[in-house]
Protein chains: 2
Amino acid sequence: MNEIRPIRAKSGTNQEGASAHNRRVMIDALRLNGQLSRADLARATALTKQAVSNIIEELENDGLVASLAAVRKGRGQPSTPYRLVPEGAFAIGLQIDRHVTRTIAVDLVGTVLARKEANLPAGGPAKGVETILALIAETRRELEAIAPKSKDRLVGLGVAIPGPFGIEADQDDPWMMAAWQSFPLLDALSIGTSLDVRLQNDAAAAATAEKLVGAAHGVDHALCIYLGYGLGAGLILNGELYRGANGNAGEIGMILSRPPGGADADRAPLEHRASIASLCKILDLDPADPELYGRIDAAAGAPEARVATWVADIAFELRAAIQILETVFDPQTIILCGGMPRGLARRLLDALHPLLPSIAERRGRSAPRLQLGFTDPWAVAIGAAAEPISRTFDPRFSAILKTRAVGAA
Amino acid sequence: MNEIRPIRAKSGTNQEGASAHNRRVMIDALRLNGQLSRADLARATALTKQAVSNIIEELENDGLVASLAAVRKGRGQPSTPYRLVPEGAFAIGLQIDRHVTRTIAVDLVGTVLARKEANLPAGGPAKGVETILALIAETRRELEAIAPKSKDRLVGLGVAIPGPFGIEADQDDPWMMAAWQSFPLLDALSIGTSLDVRLQNDAAAAATAEKLVGAAHGVDHALCIYLGYGLGAGLILNGELYRGANGNAGEIGMILSRPPGGADADRAPLEHRASIASLCKILDLDPADPELYGRIDAAAGAPEARVATWVADIAFELRAAIQILETVFDPQTIILCGGMPRGLARRLLDALHPLLPSIAERRGRSAPRLQLGFTDPWAVAIGAAAEPISRTFDPRFSAILKTRAVGAA
DNA sequence: TTATTAAGTCAATTGTCTTGACTTATTTCT
DNA sequence: AGAAATAAGTCAAGACAATTGACTTAATAA
C-alpha cells in the first residue's frame, strides 16, 4: 500500500516567477511615482539598466506604459520618463450591500469610468443575482462605449459584500446577510460574466481603494476603518491586504464590547453601537430607504441633537477601537473611511480627538495617527473594482510562486 | 541643479533570488514533514525533479541535508528520503528581561544544546552588557565543546527584550526598561560577538519558538499570547512573523482597558492587571528575586486564595483580549505561552473557558481556538535563538528580493 | 518472464538577468 | 570654441538556474 500523506510545503519559483515580479515592481513604481525614466527604475528596483530596459520595452508593447517627452535634468543625456497608460487595463467592481448594489468600472490608474446603482429586489440572492448581472452587463456596455479597448483588457470582477464569511450565522440576522453568504455567488457571477471573480468584505474593499488611489497609496502598514451599514477594518500589512485564515481579518464590528458603564453581560458586537445602522436606529430611518444617504446628509447638516449624540457615542467606541488597533498592528497610519456624508465624517474625526494614548504616539511621525479617507457611498465599489487591478499588477509574494500541484493547509 | 527626490519602489529579483527561495522552500518542507524524497519535494514545491535534484545535491554538499536509507513504497524504484542535518547550522539566543538574562544555543532543527542564566547587575545597560557578553562567550564555548562544527556554522545572535520599542517612555517606568531601550544594544552586541544580531520583543520571540519547534509549526496564521513579566502577543501572519511599522505589533499589554465595573477614567494598560507582574504584586513577591519562579510555582501549587483570584481576574481580561484578537486577525489558532509554571498555565487555560463567542467559532475547525504552548522560563530565549535560524532558512518574501541601493520607506 | 510504475539522472535548451563596452546627448570647465 | 565630465540608454556576449524529454534503474503486478 502506498500511503498517500499530504505533504506540507510552500511552492518554489523560477525565472518566470521572478520576471513576473519584476514587471509588477515596475508598474508599482510608476504608479507610486507618477513617472520615472529607465535609469530611475533601475536604481529604485536594484535591477540593471539593461533588465529594466527590456521589461519596459515589453510593457510598452503590451500597452501598459508609454514614454513622455525627454527631460533634461543636468549633465548627461536627457532621460525619457515613462508613465502608466490608463487604458492598459480595466476592471469591474461590484458592491452588494444589504439593500442596494453598485457597479463601477475603473482603468489601470484607478479612474472611475462608469458607475451604476440599483436597489436589490426582495426575494433574496436568486432574484438579486439577475439584477446584478444586468447591472454588470450595462456597466460593461457603457465602459466599452467610452473605452473600446476595455473589451479585451478587462482583468477581472471584484466583489465586495459585507462580512464576516463562513460563520454559523443566524439565518434571520439581517446583519449577516446570511442568505447571500450561503448562496454560490462566485459561481453565479463567474458563469454570468466569464470574468475572473474574487470576493472581499466591504472593509477590505475600502482598504484596497485607499491603497490603489487613496491615502494608503504607497503606505506599507495602514489600517482602514470602514464605517458603513456595519463596521469593519481593512488591513494593509507589508503592503498587501491581509485576509486572515478565513478572509475575516479586520472584522472589528464583531468585537464584543461593554457599553460605557455597562456590565459584562451587556457585551455586544461593536457594530451594534458603532455603525450607520446605529445611526439609522437613532434617527428612525429605514435602512432600505433608497434615499437613505440623502436623509442622513440632511440630518447631519441640521442642528440635530440625535446626530450629535450618535457622534459622541460612536467616537467613544471608536477611540477605544483605534487604540486597540494601533497597539496590536503598529501601523503607520489609520484611515477613517466609510459610506457617509463628508461633513459627518469630519465631525466624527473631530470628535475622535484627542485620541487615547498609545504606542503610536512617537516622535517624528510622518503620517498622522488618524486621517480621513474616502467617505462617499461609492468607496466600497471603487475598492471592489481596484481589487482585480491590484491582484493583477501589484507586487505580491504569492505572485512569484508557482502554483502548487500537491499540498494542503 | 539635479533635485534628488526619493523614489518609492519595491525591489526586483533575479535567478539568484529565485534560487535562494527554492533552497529555503526545500528546507522548510523537510522541517515540516520530517523527511521527503526528491520526488516528494518536486511534487510539493511544484518544481521539476531535476531542479529539486540539483538543489538537494547542493544542500547536501553544504551539510544541511542528508539522505536516509532508501524505502520501498510499492512499484517503482525505491525513494531516498532526505532529512535536515541538525549540525547544519547553529544560533545563539539571548533574552534580556527586567532582572535576569539568559542565553541558549540551538541547532538547525531547534534542539537546545546549551543554556546559561545570570542575574542582571545593578548599574544599568553599561554594566549589564558586560555580564551578557561574558554569558554569550561562555555559551559559545560550551556549544563548541558539544558541537565543534558550530564554530563555522553560527548563523546569528537573536536577542529578545521586552517591548515596546522606540516610544517616548518614562525613563523611570520599570515596565519600559527605558534604559535598555535607549542603549545602543545592537552595536554593543555586534561588536562584542562579531555575529549578525537582531532584536525582537519577547512576545515575538516566543512566537518564533512556537513557529520553529512548537504549536505554530507549519501554521500560517497563528497568534501567541505571551504572558511573562509583561503581556504581549507574537503574530504569525501568512507564515511570517509580523513586526508592524516599528517592530511593536502585538504589544497587547499596552491596550487600554477598563477594569470590570470601572469607569472610563480607570483605563490602564492591560498588562498592569494581566501579567506575572500583577501576580507578583498580589503575592507580595519581589520581581527581582532570583528564586521568583520557584516561589510562584510553590504558591500556585498550594491552595492559595490569592492565586485563585489572580487566575480569575486575569482570565476575565484575557478572554476579552482573545476575543478581540480572534476578531481582528482571524487566525487558525491562538497559543498561550509564557514564563510560568506549567500547572499555573493549565489552570489559566481552564479558567479561560468557555471563551467568548467570536468569528472563530466555526464548523470544521482543525485546530482548537486556544491551546497551550511553551510555558517555561526559557521559552523566550529559545525563540531568540530560533530567530536567526528562521531568518536564514525560512521562506520569506524579502529573502527573494534584491537589496535596494536607493529608495525609501 | 514481461509489463508497469515510479525515482532519479543526463544532456541539451530556454528564459531572464548581468556584465562590460559602447553610443548619444547634454552640461561644465578651460 | 573645444575638451572633459556626466548621465541615459543600447548592444552583444555571458552566466545562471530552471525546464524539457529521453534515458536508466529498481521495484511490484500480471
Side-chain angles (χ1 to χ4, degrees), chain A residues 1-4 7 11-26 35-60 65 67-82 400-403 405-406, chain B residues 1-4 7 11-26 35-60 65 67-82 400-403 405-406:
Chain A
M1 275 293 170
N2 347 0
E3 177 194 330
I4 296 163
I7 297 174
S11 71
T13 187
N14 54 15
Q15 298 103 307
E16 265 176 76
S19 169
H21 170 73
N22 289 343
R23 286 177 56 118
R24 285 168 184 261
V25 164
M26 296 296 151
Q35 54 184 67
L36 294 172
S37 69
R38 298 180 183 203
D40 288 336
L41 284 164
R43 279 187 295 265
T45 61
L47 293 172
T48 57
K49 283 187 294 182
Q50 189 54 56
V52 169
S53 250
N54 295 338
I55 294 166
I56 287 293
E57 192 185 346
E58 216 183 283
L59 291 175
E60 198 169 12
V65 309
S67 60
L68 298 160
V71 287
R72 292 190 286 259
K73 11 176 203 190
R75 221 181 253 199
Q77 176 171 326
S79 64
T80 309
Y82 284 78
I400 298 187
L401 309 181
K402 301 184 64 171
T403 44
V406 193
Chain B
M1 275 293 172
N2 349 357
E3 177 195 329
I4 295 163
I7 297 175
S11 73
T13 187
N14 53 15
Q15 298 103 309
E16 265 176 73
S19 169
H21 170 72
N22 288 343
R23 286 176 57 117
R24 285 168 183 261
V25 163
M26 296 294 151
Q35 54 184 67
L36 293 173
S37 68
R38 298 179 184 207
D40 287 337
L41 284 164
R43 279 186 294 265
T45 60
L47 294 171
T48 57
K49 284 186 296 183
Q50 190 54 55
V52 170
S53 249
N54 295 339
I55 294 167
I56 287 294
E57 191 186 346
E58 216 183 284
L59 291 175
E60 197 169 12
V65 310
S67 60
L68 297 160
V71 287
R72 293 192 286 261
K73 2 175 212 193
R75 225 181 249 199
Q77 177 171 325
S79 65
T80 308
Y82 285 78
I400 298 188
L401 309 181
K402 302 183 65 172
T403 44
V406 192

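Convention: sequence-line order gives letters A, B, ...; per-chain numbering from 1. Keep in mind it's a predicted model, so treat the numbers as computed, not measured.
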Return the polar atom pairs (N/O with N/O) between nucleotides 3-5 of chain C and the protein under 3.5 Å, or none.
residue, atom, partner, partner atom, Å
C/dT4, O3', B/R75, NH1, 3.4
C/dT5, O2, B/G76, N, 3.0

Rounded to the nearest Å, what distance is computed from the [atom1] atom of residue [X] to the [atom2] atom of nucleotide [N]?
| X | N | atom1 | atom2 | value |
| --- | --- | --- | --- | --- |
| A/L41 | D/dA8 | CG | P | 12 Å |
| B/R72 | D/dA27 | CZ | C1' | 8 Å |
| A/M26 | C/dC17 | CE | C1' | 11 Å |
| B/I56 | C/dA7 | CD1 | C1' | 14 Å |
| B/Y82 | C/dA7 | OH | C1' | 11 Å |

message: Please pick, from D/dA26, D/dG9, D/dT20, the nucleotide with the shortest atom-to-atom distance to any side-chain atom of B/P78.
response: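 Comparing D/dA26, D/dG9, D/dT20 against the side chain of B/P78, the answer is D/dA26.
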
field: Closest to the A/N14 side chain, choosing from D/dA8, D/dA27, D/dA18
entry: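 Selected nucleotide: D/dA18.
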
query: Which residue lies toward the 5' end of DNA chain C, B/T80 or A/K49, if each is placed at its nearest nucleotide?
result: B/T80

- prompt: Contacts to DNA chain D from residues 16-23 of chain A, heavy-atom cutoff under 4.0 Å, which residues?
  reply: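 Listed by number, there are none.
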
statement: DNA chain D nearest-nucleotide lookup for B/L47 and B/Q15: closer to the 5′ end is B/Q15

query: Between A/S53 and D/dG9, does any side-chain N or O lie under 4.0 Å from OP1 or OP2?
result: no

